[in-house]
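Worksheet: the structure to be examined is printed underneath.
The shown structure was predicted, so the numbers you read here are calculated from the model rather than taken from an experiment. All values below were derived from every heavy atom in this structure, side-chain atoms included, with hydrogens, water molecules and symmetry-related copies excluded.
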Amino acid sequence: MKLIFVYNAHSGLFNAALDGIHKLVSPESYPCELCALTYGAIAERDEWRQFRRRSEHEMVFYHKDEFEEAYEQTFTYPIVLCQRGE
């Protein structure tokens with residue numbers, strides 16, 4: 001089973017910098033709860049990293065623009081999807 005995590009954020013260095021600033025300045029209005037769970041303003045949270053390493057499931061992570069390009073589907077983000085088989 002593969003878990004697909006899709007952030008409510010766009011990819012790219014510029015967007016990552018803006019997201020980090022937003023999380024620092026106004027975390028309560030940051031639009032991606034998945035981002036807040038998995039990352040601090042700059043780096044991956046230690047608790048999350050440990051969880052990922054202990055998990056028996058494959059995990060892949062996308063920003064919403066990357067996911068929509070790869071899967072040609074749109075959802076309300078953030079979202080975690082489960083893929084079984086192809």
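To the nearest 0.5 Å, atoms SG (C82) and CE (M1) are separated by 4.5 Å. Between the CZ atom of F67 and the CZ atom of F5 there is a distance of 13.0 Å, given to the nearest 0.5 Å.
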(message) Let's go through V60 and K2 carefully: what are the C-alpha distance in whole Å and the side-chain angles of both, what is the deciding distance for side-chain contact (heavy atoms from CB on, under 4.5 Å) to 0.1 Å, and is it a yes or a no?
(response) CA-CA 7 Å; V60 293; K2 180 181 357 181; 3.7 Å; yes

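Side-chain atoms of E33 never come within 3.5 Å of backbone atoms of C35 as a donor-acceptor pair (strictly under, hydrogens ignored). Under the 3.5 Å distance criterion, the side-chain polar atoms of D65 are matched with a main-chain donor or acceptor of S11. Listed for the Q50 side chain is no donor-acceptor partner under 3.5 Å among the backbone atoms of E47.
The hydrophobic clustering, which links ILVMFWY residues whose side-chain heavy atoms are closer than 4.5 Å, places I4 and L34 apart. Residues L37 and V6 do not share a hydrophobic cluster, clusters being chains of Ile/Leu/Val/Met/Phe/Trp/Tyr side chains in contact below 4.5 Å. A continuous path of hydrophobic side-chain contacts links Y39 to W48 [ILVMFWY only; heavy atoms under 4.5 Å].
Between the side chains of T38 and Y7, at least one donor N or O lies within less than 3.5 Å of an accepting N or O.
Listed by chain and number, the residues in a salt bridge (charged side-chain N to carboxylate O under 4.0 Å, His left out) with R52 are E44 (sequence neighbours excluded). By the side-chain contact (heavy atoms from CB on, under 4.5 Å) test, E56 is found to be paired with no residue, residues two or more places apart in sequence or in another chain being considered.
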Please report, to 0.1 Å, the donor-acceptor pairs under 3.5 Å made by any side chain of residues 68-80, with sequence neighbours excluded.
unit_1, atom_1, unit_2, atom_2, d
E68, OE2, Y77, OH, 2.8
Y77, OH, F75, N, 3.2

